[in-house]
Protein chains: 2
Amino acid sequence: MKQIELHLKNKSVKPTAMRLLVLQFFTEQTKAVSLKNLEIALAPADKSTLFRTLRTFEKNKIIHSIEDGTGIAKYALCLESCNCELGDLHYHFHCTQCENTFCLTTLNVPLIELPTNFKMNQANMVIKGLCSNCNI
Amino acid sequence: MKQIELHLKNKSVKPTAMRLLVLQFFTEQTKAVSLKNLEIALAPADKSTLFRTLRTFEKNKIIHSIEDGTGIAKYALCLESCNCELGDLHYHFHCTQCENTFCLTTLNVPLIELPTNFKMNQANMVIKGLCSNCNI
DNA sequence: TTAACCAGTGCAACCCAACTGCAAAGTTTA
DNA sequence: TAAACTTTGCAGTTGGGTTGCACTGGTTAA
């Protein structure tokens with residue numbers, strides 16, 4: 001059984017043909033993926049199927065979503081060890097020139113001291129600027 | 001001349017009746033404001049006028065925008081001293097229960113060590129969880 | 001004073017990402 | 001095999017954001 005198929009099963013997601021294709025695509029990317037990206041890459045696959053696949057993947061912690069400020073949701077693979085909990089959070093980078101968005105998986109979000117009685121459960125941290133390709 | 005009118009002039013924005021109303025509204029809020037909030041609060045003011053007022057205010061650094069992950073842009077007053085530069089950045093908090101979004105103006109975004117050759121110009125940092133009102 | 005100008009406003013419409021309802025196809029269970 | 005459930009494809013809706021255009025009211029130029 002293939003790696004990708006196992007990955008889905010480990011996350012309790014039934015490995016259908018469509019899902020295998022989508023997960024395969026994710027593993028080939030170095031940058032975060034939008035629904036549009038998927039639609040184009042996997043044409044003529046149906047938009048709503050892809051949408052629901054993303055939702056399923058997110059719910060089952062195969063991918064996480066990133067709001068990079070463009071108004072278009074992006075998604076990236078979770079790390080193997082990820083439970084999408086506080087300790088797993090990392091910063092993201094959005095390049096304002098090439099408009100790509102990356103996970104900075106080595107940059108973990110630190111513990112942040114919040115005002116009294118506030119409770120942190122999640123975070124969406126996006127740094128904006130120029131990526132190494134565009135910063136010439 | 002009133003405080004609010006001065007505020008606009010200081011930021012090189014002509015103080016029209018509409019703009020005074022919008023800025024007045026902002027000063028009365030403790031949480032971030034969406035276009036919808038404005039439409040309701042200042043009814044029957046026109047949506048596109050409000051939209052363009054927000055754009056003007058943002059361009060002139062009277063307010064800053066926050067992407068809190070709800071897909072709806074929110075805005076909040078800049079601090080007096082703010083130039084919307086790196087040193088002025090602060091964290092934001094989005095309560096997943098009451099769905100309000102706040103500036104944590106006392107929590108400045110620290111310098112973050114990025115991968116080689118990446119350049120940070122801006123950031124959108126949103127912590128999610130329960131605010132002090134909802135965390136019972 | 002009148003005419004030309006221009007920023008700001010209001011209305012109507014458009015765009016598009018996100019999302020939903022429903023029926024067909026595929027898969028699992030009894 | 002039949003029934004029950006899941007996934008998929010299609011078509012359509014929703015809603016925030018945005019734009020085009022005409023009108024207004026205040027300012028400038030002749």
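Chain letters run A, B, ... following the sequence lines, proteins first, then strands; residues in each count from 1.
When rounded to the nearest whole Å, the span between NZ of B/Lys74 and C1' of D/dG16 equals 12 Å. Atom CZ in A/Phe57 sits about 13 Å away from atom C1' in D/dT7, given to the nearest Å. At whole-Å resolution of the value, CD in B/Glu67 and P in C/dA18 are 12 Å apart. A/Lys14 places its NZ atom 12 Å from the P atom of D/dC5, with the value rounded to the nearest Å. Here the P atom of nucleotide C/dC11 and the CE atom of B/Met18 are 11 Å apart, to the nearest Å. Atom CG in B/Leu8 sits roughly 15 Å away from atom C1' in C/dA7 (whole-Å rounding). Here the P atom of nucleotide D/dT7 and the CZ atom of A/Arg52 are 11 Å apart, to the nearest Å. One interatomic measurement links the two molecules: CZ of A/Phe51 to C1' of D/dG9, which rounds to 15 Å at whole-angstrom precision.
Listed by chain and residue number, B/Asn83, B/Asp88 satisfy the side chain to side chain contact (heavy atoms under 4.5 Å, CB included) test with B/Glu85 (two or more places apart in sequence, or in another chain). For B/Ser48, the side chain to side chain contact (heavy atoms under 4.5 Å, CB included) partners at least two apart in sequence or on another chain are B/Asp46, B/Arg52.
The side chain of A/Arg55 contributes an N or O atom lying less than 4.0 Å from OP1 or OP2 of C/dT20.
Between B/Leu130 and B/Phe93, the closest heavy-atom pair is O-CZ, 3.4 Å.
Relative ring orientation between A/Phe57 and A/Phe26 is described as tilted, the plane-to-plane angle lying within the 30° to 60° band.
The residue among A/Tyr75 and B/Thr53 whose nearest nucleotide of DNA chain C is located toward the 5' end is B/Thr53. Judged by closest nucleotide on DNA chain C, B/Arg19 is the one of A/Ile72 and B/Arg19 placed further toward the 5' end.
Near DNA chain D, meaning a heavy atom under 4.0 Å away, the residues from residues 24-50 of chain A are A/Asp46, A/Ser48, A/Thr49.
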Point to revise | Steps toward side-chain hydrogen bond (donor to acceptor under 3.5 Å, both in side chains) verdict (B/Ser34, B/Asn37) | key: CA-CA 5 Å; B/Ser34 68; B/Asn37 293 153; 3.1 Å; yes
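Applying the 6.0 Å contact sphere to CD1 of A/Ile40 captures more than 12 heavy atoms from other residues, nucleotides or ligands.
For the pair B/His90/B/Leu104, no side-chain contact is recorded, criterion being any heavy-atom separation below 4.5 Å from C-beta on.
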